[in-house]
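Just so it is clear, the structure is predicted and the values come from calculations on it, not from any experiment.
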Amino acid sequence: MFRSLAISPRVPPGDVEATVRLLLIHPSPLLYSEIFLRLEPLGLERVAAAARKCGHDVRVVDLQVLRRAALSRELADFQPEAAGVSLNYLANVPEALNIAAEVKRAVERCFVFFGGHSVSFIATDVLGQARGTVDAVIKGEGETAIGPLLDAVREGGLGKVPGLVSAQGEGPPPRTLHSIDFPRPARDLMRHRRRYFIGELDPCASIEFSRGCPWDCSFCSAWTFYGRGYRKASPAAAASELAAIREPNVFIVDDVAFIRPEHGHGIAAEVERRHIRKRYYLETRSDVLLRNLEVFQRWARLGLSYMFLGIEAIDAEGLDLYRKRVSPDDNFRALEQARRLGINVAINLIVDPAWDAGQFRVVREFATAVPEIVHLTVMTPYPGTEIWQTESRRLTTRDYRLFDIQHAVVPTTLPLDEFYRELVRTQEVINRKFLGVSAAAGALRVLGRNLAHGQTNFAAMLWKFAKVYNAERQYADHQRPVDYELPLPPPTTAVDRHRLYIHARPAASHGKRAARPRSGAGPE
Ligand code: B12
Ligand code: SF4
């Protein structure tokens, strides 16, 4: 509960018509992901849209595509009264804290707040680490909080803002957006849209067709953030937003695309009716693909070119460990079906730090045998996940920057430097395959086409590919001085999953399963 309101209003009381100058900031990309993609910050654009709807004056600085000097210039020019930093990624926490300090130095009376996925799970600790440079953290969805927050910045009453945590205490719980149809992301505020891409889909916009995930994998916090709820955009709203997107390529940000076949078909029908033609990249699960083959077939006709499948493990034991609720057989059948549909698939596998050289060898053999691109991520306990409760006591480092699923943060069976050598060797085999003769021939065609349109992101990616994966550098990342450390969870004997939720579990999903996939389409 809130104890008192120590922060004084920024605008003279009574001036109810006054708008707030709000600057929203996205930190820079993480090095190891920038190779493959750089995408528009959709969450921040939606928060911006919600603030504009309340009449506020909003600007956005996306440090994924702008240099840090651009932020200093914007601060000097705009003199924001409020500044919000997006913290979806744990590895960005130190940078966000530095940004907060810079904002306070540049505009002393500016109200600085953080929001986003990762920071929602560790709000109080991050506030403590900010040593007064962050006034509040907003937990949960930003669209519902930003209006009340800016009202409070103007008139006082921070204690009533949903999801707000400050040094004075915690406000009411985060409020869940009733429908994700609105507000539409403020894409017009992004000044360098041509710099967003994913692989050869360059330039590429992003869109959200659904929000949340009804499964409950032990390594993931997508379900705990949304209380395991799942909401869908209406087909008409989704298609009308698509039609308004200028880019020829679109990344669908849903955790699991097209869980419900009628939803996938519904949007497809609207897309056909409006004659929208784009190329799409999405992420889904093997069992969803197998169950809804016709939907994916229809979308392949509409331009679905790439699909990311979280296979996670190639053996049943690994799949059980992550509570993925699919079998290796399902995974292999899904790959076959995707090939049949002509969709390019990228597979994700989770590297267990306990792997020895033999297990890396098996994965190299697998990665060479399948035609798909294999992406490796290192098993990492994150706040908000179940494995955070069970594994965090074993952490070998608490340096936020290493929590990017490319570093090992729990003990490795191999000596750490050898672990990275094996990891990089495996990554190299995969990269060589990616850049192999046939792929390169295709890539050159794409490269030519993109360059002809002035799009250089894909070319830069090919150039950087070999440079980034470097075992010595990954090992050296562990030796850097650490300014900010990730807090540990309080000791616990059993995992209470309800305590992990940021948004409460939707009431309808308890008994009626309304927010859950139909029978057979979900995890239970
Ligand atoms: C799309 C996506 C991406 C896109 C990101 C595009 C972008 N630039 O933002 C891409 C594919 C690039 C990506 C990459 C990675 N991702 Co990602 N990603 C997602 C995903 C599936 C959806 C995010 C999204 O766009 N949702 C839709 C928008 C509308 O929601 P949102 O961004 O969450 O924003 C809402 C709130 O968070 C909040 N909010 C957000 N910002 C702000 C700011 C303020 C001021 C306020 C008040 C509120 C607020 O309000 C918004 C509206 O409700 C999430 C899973 C999830 N369901 O959240 C994982 C997720 C965020 N990613 C994750 C990871 C691990 C990664 C990578 C590190 C993976 C890798 N190694 O390659 C990289 C790192 C990227 C980087 N920083 O460089 C993890 C985060 C783990 C962690 N705790 O740090 C998640 C949670 C996935 C998971 N299941 O574990 N990702
Ligand atoms: S299915 Fe995907 S998004 Fe859902 S809980 Fe599992 S890993 Fe997370």
Check your understanding: Who pairs with Leu177 by side-chain contact (heavy atoms from CB on, under 4.5 Å), at least two apart in sequence or on another chain?
Key ->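 Once residues adjacent in sequence are excluded, the partners of Leu177 under the side-chain contact (heavy atoms from CB on, under 4.5 Å) criterion are Arg46, Glu141, Glu143, Thr144, Ile180, Arg211, Arg231.
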**Study point:** side-chain contact (heavy atoms from CB on, under 4.5 Å) partners for Asp188, two or more places apart
**Key:**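 side-chain contact (heavy atoms from CB on, under 4.5 Å) check on Asp188 returns Arg52, Ala186.
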Practice item. Could you check whether the rings of His498 and Tyr501 sit parallel, tilted or perpendicular, using 30° and 60° as the cut-offs? Key: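 His498 and Tyr501: perpendicular rings.
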Tell me whether [X] contacts the main-chain N or O of [Y] through its side chain, where contact means a donor paired with an acceptor under 3.5 Å.
| X | Y | result |
| --- | --- | --- |
| Asn344 | Ser305 | yes |
| Ser234 | Ala237 | yes |
| Thr284 | Ala257 | yes |

Practice item. Test Glu247 against every option in Arg194, Arg195, Arg193, Arg187 by the salt bridge (Lys or Arg N to Asp or Glu O under 4.0 Å) rule and name the one that passes. Key: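 Answer to the salt bridge (Lys or Arg N to Asp or Glu O under 4.0 Å) test with Glu247 among Arg194, Arg195, Arg193, Arg187: Arg193.
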Practice item. Determine whether more than 12 heavy atoms belonging to other residues, nucleotides or ligands lie under 6.0 Å from atom CD of Glu294. Key: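 Check fails, neighbour count at 12 or below.
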Point to revise | Tyr281: which of Tyr306, Phe197, Trp299 passes ring pair (Phe, Tyr, Trp, His ring centres under 6.0 Å) | key: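 Exactly one pass, corresponding to Tyr306.
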Point to revise | Modelled atom types, side-chain donor and acceptor of Asp255 and Tyr226, under 3.5 Å | key: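 Side chains of Asp255 and Tyr226: no pair found under 3.5 Å.
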Check your understanding: Is it true that the side chains of Gln406 and Asp404 contain a donor and an acceptor less than 3.5 Å apart?
Key ->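 Asp404 and Gln406 do not have a side-chain donor-acceptor pair below 3.5 Å.
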Minimum-distance pair of heavy atoms, taken over all atoms of [X] and [Y]:
| X | Y | answer |
| --- | --- | --- |
| Thr385 | Ser218 | CB-O, 3.6 Å |
| Asn92 | Leu30 | ND2-CD2, 3.6 Å |
| Val20 | Ala82 | CG1-CB, 4.0 Å |
| Leu23 | Glu74 | CD1-CG, 3.7 Å |
| Thr19 | Glu81 | O-OE1, 3.8 Å |
| Ile146 | Ala51 | CG2-N, 3.8 Å |

Practice item. Measure from NZ or CZ of Arg285 to the centre of the six-membered ring of Trp215 and say whether it is under 6.0 Å with the direction within 45° of the ring axis. Key: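 Satisfied, under 6.0 Å and within 45°.
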So, are [X] and [Y] salt-bridged, with charged N and O less than 4.0 Å apart?
| X | Y | value |
| --- | --- | --- |
| Lys104 | Asp135 | yes |
| Lys232 | Glu262 | no |
| Glu102 | Arg105 | no |
| Arg325 | Asp216 | yes |

Practice item. Would you check if the distance from the ring center of Tyr196 to the ring center of His192 is below 6.0 Å? Key: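 No, ring centres 6.0 Å or more apart.
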